[in-house]
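Down below is the structure, laid out as structure tokens.
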There are 2 protein chains.
Amino acid sequence: MADLDAEAVDIEIIAHGPNIRSKPETRLWLRLLSTTKLISTEIRKRLRAEFGATLPQFDLMAQLFREKEGLRLGELSKRTMVTNGNITGLVERLEADGLVLRETPTGDRRVTVAKLTPEGAKVFAAMAAAHEIWLRDLMGDVDPQLITSLWSQVGEIKASATNHMTGTAED
Amino acid sequence: MADLDAEAVDIEIIAHGPNIRSKPETRLWLRLLSTTKLISTEIRKRLRAEFGATLPQFDLMAQLFREKEGLRLGELSKRTMVTNGNITGLVERLEADGLVLRETPTGDRRVTVAKLTPEGAKVFAAMAAAHEIWLRDLMGDVDPQLITSLWSQVGEIKASATNHMTGTAED
DNA sequence: GCGAAACCTTTGACATTTGAAATATCGGTT
DNA sequence: AACCGATATTTCAAATGTCAAAGGTTTCGC
């Protein structure tokens, strides 16, 4: 951390209140972040309590659930936005639990394909059902039309962000 | 992870496409999550590259920046939504970097108050300025009015979620 | 003022996270 | 058939994350 020039910034802009003085983009960002964190924490808590699973495990299984033939680890990494190194450990733990299995296709030995075991599919189906109910519950006070329109509007944010970054990513 | 009943779930509802079959709440949630993760990753990358800081460190400093008298660690924990145990280490590292200092008020020796050092305030001011620019950049393609209206609409989601959870939290 | 309940922070055991470096394999060139 | 660049996964160190239990302190009821 280096020596930086404070005078370049109008302190007041950032200083007060619940971000009242921040620029709209920053305010929206802080709200997105806190909302997501809030709901994540709750979902994680419930996943843990009712299924002994973590959120990343749920995400990963969700991807495998809709690709019965399985997915390569790199593909899993992209889809879940989890780094490669992390996928390794995640899949290892799920394999140890008997929910996922790993296999190397005959053609290319660099590749590892992960797929759900029948047990894994069963467990995930139950988790997914609960997950949907939890979300309807958590968003229960919100007008259903707003939910739908938010989906596409947040999509605009996402598209813009994707446009303006060094790397890339998808849905 | 126990043996669960798959028949309880209509597989098709979850199975296909980019969540086309999911309920609106679930779709919105997945989009919020992926959008937030996308932007977080980019912000983290830039914070690291330009300031050698992490996102949790930035969050923590942001809270201290607008409370010149400092904040108790428990208060910091609530505001940043970071667990107590984690605040300890976070503040320790920032203190080691000379950006934050800890002191125990005379009145109550249970308490530790963290505040920014002058150096910390200087560094944060520069980070905050850059942060705002990055966000304007990332959301640059979006109609400014939409940004503002999203802020309040996402607020409705947040309020609803807050209403429907076991614990509590604030803005 | 004494003891119990309440409060604030730290500690400890572990799981997860990232980013970068290391490994392993493939495909094509020569 | 050895090599090079591109791919795919794993490993590693450091930071962050949770949860639960332990440590001091304060406050309150009596």
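In what follows, chains carry the letters A, B, and so on, assigned in the order in which the sequence lines appear, proteins first and then strands, with residues in each chain numbered from 1.
The distance from atom CD of A:Glu95 to atom P of D:dT10 is 10 Å, rounded to the nearest whole Å. As rounded to whole Å, 12 Å separates atom C1' of D:dT18 from atom CG of B:Asn84. Nucleotide D:dA15 holds its C1' atom 10 Å from the CZ atom of B:Arg48, rounded to whole Å. The separation between A:Asn86 atom CG and D:dT11 atom P is 13 Å, rounded to whole Å. At whole-Å resolution of the value, CG in A:Leu90 and P in D:dT9 are 14 Å apart. Atom CG in B:Leu73 sits roughly 18 Å away from atom P in D:dG24 (whole-Å rounding). Rounded to an integer number of Å, the gap from A:Lys45 NZ to D:dA20 C1' is 14 Å.
In the model, B:Asp59 has no side-chain atom that pairs as donor or acceptor with a side-chain atom of B:Thr80 under 3.5 Å.
Residues that satisfy the side chain to side chain donor-acceptor pair (under 3.5 Å) test with A:Glu92, not counting sequence neighbours, are absent from this structure. Residues forming a side-chain contact (heavy atoms from CB on, under 4.5 Å) with B:Glu95 (at least two apart in sequence, or on another chain): B:Arg102. Every residue two or more places apart in sequence or in another chain that forms a side-chain contact (heavy atoms from CB on, under 4.5 Å) with A:Thr41 is listed here: A:Arg44, A:Lys45.
The backbone N or O of B:Val82 lies less than 3.5 Å from a partner atom in the side chain of B:Ser77, making a donor-acceptor pair. Checking side-chain atoms of B:Thr35 against main-chain N and O of B:Leu32 turns up no donor-acceptor pair under 3.5 Å.
By the 6.0 Å contact criterion, CD on A:Gln145 is open, its count of non-hydrogen atoms from other residues, nucleotides or ligands being 12 or less.
Counting any heavy atom pair closer than 4.0 Å across all strands shown, A:Gly85 reaches a base atom. B:Ile87 comes within 4.0 angstrom of nothing in the nucleic acid, heavy atoms only.
On the nucleic acid side, DNA chain C contacts chain A at distances under 4.0 Å to non-hydrogen atoms, with the end points of that region at C:dT16 to C:dC26.
The stretch residues 108-115 of chain B comes close to DNA chain D through B:Asp108, B:Arg109, B:Arg110, each having a heavy atom under 4.0 Å from the strand.
In the hydrophobic clustering, B:Val111 connects to B:Val113, either directly or through intervening members, whenever side-chain heavy atoms lie under 4.5 Å apart.
A:Phe58 and A:Leu101 fall into different hydrophobic clusters, where Ile, Leu, Val, Met, Phe, Trp and Tyr are joined by side-chain heavy atoms under 4.5 Å apart, directly or via other members.
A close approach under 4.0 Å does occur between a side-chain nitrogen or oxygen of B:Thr83 and OP1 or OP2 of D:dT18.
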